[in-house]
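Hydrogens, waters and symmetry mates are skipped; everything else that's a heavy atom, side chains included, is used. By convention in this document, chain letters (A, B, ...) are assigned in the order of the sequence lines, proteins followed by strands, and residues within each chain are numbered from 1. Because the structure is predicted, anything quoted here is derived from the model rather than measured.
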Protein chains: 2
Amino acid sequence: MRPGINSDQTERIIQALKRAGYQATPNRRLVAELVAATGGHFTAAELLERGRRERVNIGRATVFRALELLASLRVVERLDLPSGSHAYVVCDPDEHHHHLVCSTCGRSEDIADGELARLVDEIGRRNGYRIEAHRLELFGICPACSAADTAERETLA
Amino acid sequence: MRPGINSDQTERIIQALKRAGYQATPNRRLVAELVAATGGHFTAAELLERGRRERVNIGRATVFRALELLASLRVVERLDLPSGSHAYVVCDPDEHHHHLVCSTCGRSEDIADGELARLVDEIGRRNGYRIEAHRLELFGICPACSAADTAERETLA
DNA sequence: TCGGAATTGATACCCGGTCTCATTGGTGAT
DNA sequence: ATCACCAATGAGACCGGGTATCAATTCCGA
């Protein structure tokens, strides 16, 4: 992990906590760091495991609570993978967006809503629904994994 | 429930099962009927409960298995509600589509992919991802619930 | 009618997440 | 510095949705 980049992000998360009136306790700092240290998605169980490597006594509930808190601040978002399981991703709390997730390495990109808003409006109008929320999730192979994949294929051939 | 409409749909589900080489057992017929009898989404637990009202000894696993089977045939799809819980909806197995779900009554409409495909392509290209799957979910208030809501509001006023 | 495969029910289990509750720690007013 | 109080924590029980196991049944084709 590149310290410069991630400690920035850690700090941003901590600030978000404080701004919302929550304490920046050591546990929450730890979770913030771990979250910031992943470029992609992670499960609660993974995070817990990583957390326990640094602070043995951190409770399962504490990790879930921290994640829930971060989710409520929109610093983190929970996504539903095609497999049916859940994962969390760090993301930009400031604007409505969607996620593009690499199914190989788990890396995730924020996608601006863009034209989708128009499309969603139109669908609502056409069906007479008052739309309250929408969610778009994209899954695929990221450039790096794509490259790695073809490289491997070539070595085998 | 209107027999004409739903027995058609029940039959379609049964046919799909047979076509795929599965037996149309009494249990599966029951599940098919129950599924067809709902206009909107339902949880596995609800379905089980309704099932037990008609056939006391139907097992929980059997219901889950039937649902899983129908899902694999794309007759039914599992969706992730904003609340985080899961629900199932009946839907058209023949073409890729998305769902518009009423958050009040649970009714659900199939939405054709339409322009979305183009948008998805473009996002993939822009990010260098090879997109494998995408999912759009819309939540809102259906016309009927909207109407009921304003009606109630007026009586109160 | 028979034999093997498919289906079933009961039940134990698993996993992600939440609840409870007693303890600990932090914070702000004094 | 002290104290009172609320926020946060850990342990562990609990819960809900779903799956695995396994023996008993049912179905279907020969």
Side-chain angles (χ1 to χ4, degrees), chain A residues 13-14 16-35 41-73 76-89 106, chain B residues 13-14 16-35 41-73 76-89 106:
Chain A
I13 298 177
I14 303 287
L17 274 173
K18 289 190 180 164
R19 220 177 312 121
Y22 296 100
Q23 292 174 197
T25 65
N27 276 328
R28 289 182 182 159
R29 276 178 189 282
L30 175 57
V31 170
E33 278 163 31
L34 294 174
V35 162
H41 63 201
F42 53 90
T43 65
E46 278 161 29
L47 202 80
L48 177 60
E49 192 199 333
R50 288 198 279 142
R52 288 229 161 124
R53 280 207 280 273
E54 319 237 338
R55 194 188 323 304
V56 180
N57 272 344
I58 190 170
R60 210 164 79 96
T62 303
V63 168
F64 275 104
R65 283 188 284 236
L67 246 20
E68 185 191 349
L69 197 52
L70 296 185
S72 79
L73 299 176
V76 137
E77 208 165 296
R78 198 157 87 177
L79 19 115
D80 304 288
L81 304 181
S83 69
S85 55
H86 288 163
Y88 298 82
V89 279
Chain B
I13 298 177
I14 302 288
L17 274 173
K18 289 189 180 167
R19 219 176 313 122
Y22 297 101
Q23 297 178 16
T25 66
N27 276 329
R28 290 183 183 159
R29 277 177 189 281
L30 175 57
V31 170
E33 279 164 30
L34 294 173
V35 162
H41 64 199
F42 53 90
T43 65
E46 278 161 29
L47 202 79
L48 177 61
E49 193 199 333
R50 288 198 280 141
R52 290 231 160 121
R53 280 207 281 272
E54 319 234 339
R55 193 189 326 299
V56 179
N57 272 345
I58 189 169
R60 206 165 82 98
T62 303
V63 168
F64 276 103
R65 283 189 284 236
L67 247 19
E68 185 190 352
L69 197 52
L70 296 184
S72 78
L73 300 176
V76 136
E77 209 164 297
R78 198 157 90 175
L79 16 117
D80 304 287
L81 272 12
S83 68
S85 56
H86 289 163
Y88 298 82
V89 278

### Query
Can you say whether the rings of His86(B) and His86(A) are parallel (under 30°), tilted (30 to 60°) or perpendicular (over 60°)?
perpendicular
### Message
Heavy-atom nearest nucleotide on DNA chain D for Arg52(A) versus Leu69(A): which residue maps closer to 5'?
### Response
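Comparing both residues, the 5'-ward one is Leu69(A).
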### Task
Would you mind classifying the nucleic acid contact of Arg28(A) as base, sugar-phosphate or nothing, using non-hydrogen atoms under 4.0 angstrom?
sugar-phosphate
### Query
dG10(D), dA6(C), dT21(D): which one has an atom nearest the side-chain heavy atoms of Thr62(A)?
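Out of dG10(D), dA6(C), dT21(D), the nucleotide with an atom closest to Thr62(A)'s side chain is dG10(D).
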### Task
Measure from the side-chain heavy atoms of Thr25(B) and tell me the nearest of dG26(C), dA11(D), dT7(C).
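So the nucleotide nearest the side chain must be dT7(C).
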### Query
Going by an N to O cut-off under 4.0 Å, is there a salt bridge joining Glu49(A) and Arg53(A)?
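So Glu49(A) pairs with Arg53(A) through a salt bridge.
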#### Entry: Electrostatic pair Glu54(B)-Arg50(B), nearest N-O below 4.0 angstrom
no
Spacing between [X] atom [atom1] and [N] atom [atom2], to the nearest angstrom:
X        : N       : atom1 : atom2 : answer
Arg29(B) : dT26(D) : CZ    : P     : 17 Å
Lys18(A) : dG26(C) : NZ    : C1'   : 13 Å
Asp80(A) : dG18(D) : CG    : P     : 12 Å
Arg65(B) : dA10(C) : CZ    : C1'   : 10 Å
Ile58(B) : dT11(C) : CD1   : C1'   : 17 Å

### Query
Within the structure, does a side-chain N or O atom of Asn27(B) lie under 4.0 Å from either OP1 or OP2 of dG9(C)?
yes
### Message
On the nucleotide dG9(C), are OP1 or OP2 found under 4.0 Å from the side-chain N or O atoms that Asn57(B) carries?
### Response
no
### Task
May I ask you to test the Leu67(B)-Val35(B) pair for a side-chain heavy-atom distance under 4.5 Å?
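Result yes, sub-4.5 Å side-chain heavy-atom pair found.
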### Query
Any donor and acceptor pair, going by atom type alone, linking the side chain of Arg28(B) with main-chain N or O of Tyr22(B) inside 3.5 Å?
no
Quick one: which protein N/O atoms are closer than 3.5 Å to N/O atoms of nucleotides 15-17 of chain C? Pair and distance per line, please.
residue: dG17(C); atom: OP1; partner: Arg78(A); partner atom: NH1; Å: 3.4
residue: dG17(C); atom: OP1; partner: His86(A); partner atom: ND1; Å: 3.2
residue: dG17(C); atom: N7; partner: Arg60(A); partner atom: NH1; Å: 3.2
residue: dG17(C); atom: N7; partner: Arg60(A); partner atom: NH2; Å: 2.5
residue: dG17(C); atom: O6; partner: Arg60(A); partner atom: NH2; Å: 2.4

